[in-house]
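Working notes, structure below.
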2 protein chains.
Amino acid sequence: MSLDLRVDRSSPVPLYFQLAQQLEAAIEHGVLTPGSLLGNEIELAARLGLSRPTVRQAIQSLVDKGLLVRRRGVGTQVVHSQVKRPLELSSLYDDLEAAGQRPATRVLVNTVVAASPEVAVALGVPEGSDVHRVERLRLAHGEPMAYLCNFLPPGLLDLNTDQLEATGLYRMMRAAGITLHSARQSIGARAATADEAERLGEPEGAPLLTMQRTTFDDTGRPVEYGTHTYRPSRYSFEFQLLVRS
Amino acid sequence: MSLDLRVDRSSPVPLYFQLAQQLEAAIEHGVLTPGSLLGNEIELAARLGLSRPTVRQAIQSLVDKGLLVRRRGVGTQVVHSQVKRPLELSSLYDDLEAAGQRPATRVLVNTVVAASPEVAVALGVPEGSDVHRVERLRLAHGEPMAYLCNFLPPGLLDLNTDQLEATGLYRMMRAAGITLHSARQSIGARAATADEAERLGEPEGAPLLTMQRTTFDDTGRPVEYGTHTYRPSRYSFEFQLLVRS
DNA sequence: GTAGTCCGATTGTCCGGACATACGCATTGA
DNA sequence: TCAATGCGTATGTCCGGACAATCGGACTAC
């Protein structure tokens with residue numbers, strides 16, 4: 001069966017984007033089988049009544065996602081593998097919700113403190129200046145899963161405790177008009193201290209998975225610094241990487 | 001000082017790539033300061049004797065790298081933050097070498113075994129069929145740092161022990177004409193077993209950082225499955241993420 | 001004084017075409 | 001039989017232009 005592709009020129013959605021979505025859906029649903037050729041760009045453009053640059057833009061976006069591979073002189077193939085999603089700046093809350101875990105959050109601390117040297121460097125604020133401090137316990141199925149400690153620069157966000165318990169921090173930021181751009185992460189492990197052990201319901205000295213992250217908006221301004229600890233029996237970091245060529 | 005940009009039309013290097021490299025170098029060296037506007041595309045194209053699409057292609061590649069941000073109606077700005085490099089499919093060997101650690105490898109096992117169910121699934125081969133098994137100890141400054149256990153499908157690579165000790169597995173793959181495309185990773189933590197503890201010179205029960213990875217080439221074929229354990233006091237995963245918009 | 005409107009600037013999208021380059025295959029030659 | 005050559009095909013690069021959408025500031029009207 002041949003692919004039935006159409007574009008709606010009256011739609012405000014860009015044509016290349018419409019095409020990319022349809023191709024992605026076709027791959028997702030197995031209409032375009034792995035390894036199959038996509039047909040050459042010229043002919044595809046003619047069939048859709050589009051120009052070749054537009055078709056190329058659509059294809060390129062899927063190549064960037066790792067769904068397609070181009071080979072000069074050969075054609076464009078559907079990569080046949082279990083590509084699910086490349087690594088993205090993910091929110092634990094969204095991750096859990098997507099996994100159907102119905103996450104719950106308990107806000108332990110929501111206050112303003114003086115920035116420690118470490119926090120001051122991460123957020124680019126003077127040492128000792130005011131920063132928000134939020135400590136949360138994230139639960140899934142009633143079991144503690146992670147302990148999240150975040151610092152935010154002042155005046156960026158209205159840190160309403162109820163909202164923090166109802167949704168994730170990243171969602172609140174996006175809703176406040178902050179466009180997240182990049183993050184620097186560090187993932188490690190260490191033995192739990194007595195405090196950490198108690199908070200997470202683990203024995204003292206148990207291995208913990210740790211993550212530190214500083215998030216930047218599109219102006220390069222730090223908008224969040226966090227130190228998280230996870231129970232390794234309940235959580236691990238899973239992601240897909242693409243080789244940038 | 002204004003930027004002096006030039007392109008060499010006689011070079012086989014694509015024009016957009018030449019421009020992108022020069023812009024990246026200018027940002028790297030601080031000639032283009034963070035937050036500064038890049039000047040509009042039309043004028044830039046005219047100044048260089050290039051067409052606008054070519055200039056846009058160069059700029060876009062830097063936007064994809066997270067170095068620039070475009071704002072419609074405003075212009076293109078240099079993102080002012082400590083963007084170093086986005087996460088890439090990295091080799092521990094290369095990481096260590098880049099950090100000036102002079103990595104050493106000791107090959108403990110290099111043999112052919114029957115695929116266990118777990119390995120068979122990961123590599124997409126029949127259970128019990130032949131696969132290569134390589135166990136290595138990675139050292140830095142003479143201290144054990146990680147224990148690497150890898151499985152490879154048969155006939156893919158000549159697994160010479162001397163080469164394995166002199167370089168990294170990924171380098172050998174690339175040299176063999178395999179184009180790495182993507183990988184699925186999982187990072188977690190757990191307590192060291194007696195065997196693991198002895199191998200890495202840690203006490204039994206010490207927290208270990210673990211990573212499992214399946215790597216695929218551009219046809220989607222699995223080319224490597226590995227289970228690695230790291231000493232968390234010596235190693236952590238550090239990387240930069242970009243929000244794909 | 002404040003809010004709404006207009007307008008210039010800049011990027012976003014799209015077109016149609018041209019030539020270059022690399023891959024795979026069939027043909028040719030030793 | 002096997003290696004070198006040539007050709008078709010497909011993507012890679014590049015051009016020059018056109019119009020749309022959006023942002024920010026200036027201007028205007030209330």
Side-chain angles (χ1 to χ4, degrees), chain A residues 5-23 35-64 67-79 177-179 217-219 244-245, chain B residues 5-23 35-64 67-79 177-179 217-219 244-245:
Chain A
L5 295 168
R6 292 161 295 166
V7 292
D8 175 11
R9 300 195 86 96
S10 68
S11 162
V13 178
L15 300 177
Y16 78 90
F17 195 79
Q18 292 183 37
L19 177 53
Q21 278 185 318
Q22 288 180 46
L23 289 175
S36 65
L37 274 303
L38 199 56
N40 76 50
E41 299 169 351
I42 313 268
E43 192 267 343
L44 190 56
R47 188 145 63 93
L48 286 165
L50 296 173
S51 71
R52 191 180 161 216
T54 302
V55 172
R56 275 183 68 80
Q57 194 174 0
I59 292 176
Q60 187 59 47
S61 71
L62 297 183
V63 170
D64 291 340
L67 294 171
L68 298 177
V69 180
R70 319 179 88 139
R71 281 178 213 278
R72 184 183 320 213
V74 178
T76 304
Q77 289 181 323
V78 180
V79 81
I178 299 171
T179 60
D217 73 359
D218 56 3
T219 70
R244 23 177 261 159
S245 47
Chain B
L5 295 168
R6 291 161 295 167
V7 292
D8 175 11
R9 300 195 88 96
S10 68
S11 162
V13 178
L15 300 178
Y16 78 90
F17 195 79
Q18 292 182 36
L19 177 54
Q21 278 184 318
Q22 289 179 44
L23 289 175
S36 64
L37 273 304
L38 199 57
N40 76 50
E41 299 170 350
I42 313 270
E43 191 268 344
L44 190 56
R47 188 145 64 94
L48 286 165
L50 296 173
S51 71
R52 190 178 161 217
T54 302
V55 172
R56 276 182 69 78
Q57 194 174 1
I59 292 176
Q60 188 59 47
S61 71
L62 297 183
V63 171
D64 291 341
L67 294 171
L68 298 178
V69 180
R70 319 178 89 136
R71 280 179 216 278
R72 187 189 303 215
V74 178
T76 304
Q77 290 180 320
V78 179
V79 81
I178 300 171
T179 60
D217 72 0
D218 57 2
T219 70
R244 23 179 262 152
S245 47

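Everything quoted here is computed from the prediction, not taken from an experiment. Chain letters run A, B, ... following the sequence lines, proteins first, then strands; residues in each count from 1.
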Discussion item. Distance under 4.0 Å to a non-hydrogen atom of chain A counts as contact; along DNA chain C, which nucleotides mark the start and end?
Written reply: C/dT13 to C/dG24
How many whole angstroms separate atom [atom1] of [X] from atom [atom2] of [N]?
X	N	atom1	atom2	value
A/Gln57	D/dT11	CD	P	16 Å
A/Glu43	D/dT9	CD	P	13 Å
A/Arg9	D/dC19	CZ	P	15 Å
A/Ile42	D/dG12	CD1	P	12 Å
A/Arg52	D/dT13	CZ	P	11 Å

Between side-chain atoms of residues 48-59 of chain A and protein atoms elsewhere (two or more places apart, or another chain), which donor-acceptor pairs fall under 3.5 Å?
unit_1: A/Ser51; atom_1: OG; unit_2: A/Thr54; atom_2: OG1; d: 3.1
unit_1: A/Arg52; atom_1: NE; unit_2: A/Glu41; atom_2: OE1; d: 2.9
unit_1: A/Arg52; atom_1: NH2; unit_2: A/Glu41; atom_2: OE1; d: 3.0
unit_1: A/Arg56; atom_1: NH1; unit_2: A/Glu41; atom_2: OE1; d: 3.3
unit_1: A/Arg56; atom_1: NH1; unit_2: A/Glu41; atom_2: OE2; d: 3.1

Worksheet item: With a 4.0 Å cut-off on heavy atoms, is A/Pro14 in touch with a base, just the backbone sugar-phosphate, or nothing at all?
Response: sugar-phosphate
Worksheet item: Partners of B/Thr179 by side chain to side chain contact (heavy atoms under 4.5 Å, CB included), sequence neighbours excluded?
Response: B/Asp218
Discussion item. Is any side-chain heavy atom of B/Leu23 closer than 4.5 Å to one of B/Leu38?
Written reply: yes
Item to complete: Not counting sequence neighbours, which residues clear side-chain hydrogen bond (donor to acceptor under 3.5 Å, both in side chains) with B/Gln18? List them please.
Response: none
Worksheet item: Between residues 69-78 of chain A and DNA chain C, which residues have a heavy-atom gap below 4.0 Å?
Response: A/Arg72, A/Gly73, A/Val74
Discussion item. Give me the atom names and distance for the closest heavy-atom approach of B/Thr219 to A/Arg71.
Written reply: CG2-NH2, 3.7 Å
Worksheet item: Of the non-hydrogen atoms in B/Val78 and B/Leu68, which two are nearest, and what is the gap between them?
Response: CA-CD2, 3.8 Å
Worksheet, complete the sentence: The answer to which of A/Tyr16 and B/Pro12 contacts DNA chain C further toward the 5' end, by nearest nucleotide, is A/Tyr16
Item to complete: Kindly write out the residues that satisfy salt bridge (Lys or Arg N to Asp or Glu O under 4.0 Å) with A/Arg9, not counting sequence neighbours, or none if the list is empty.
Response: none
Discussion item. Less than 3.5 Å apart, any donor N or O on the side chain of B/Gln60 or B/Arg70 sitting next to an acceptor on the other?
Written reply: yes
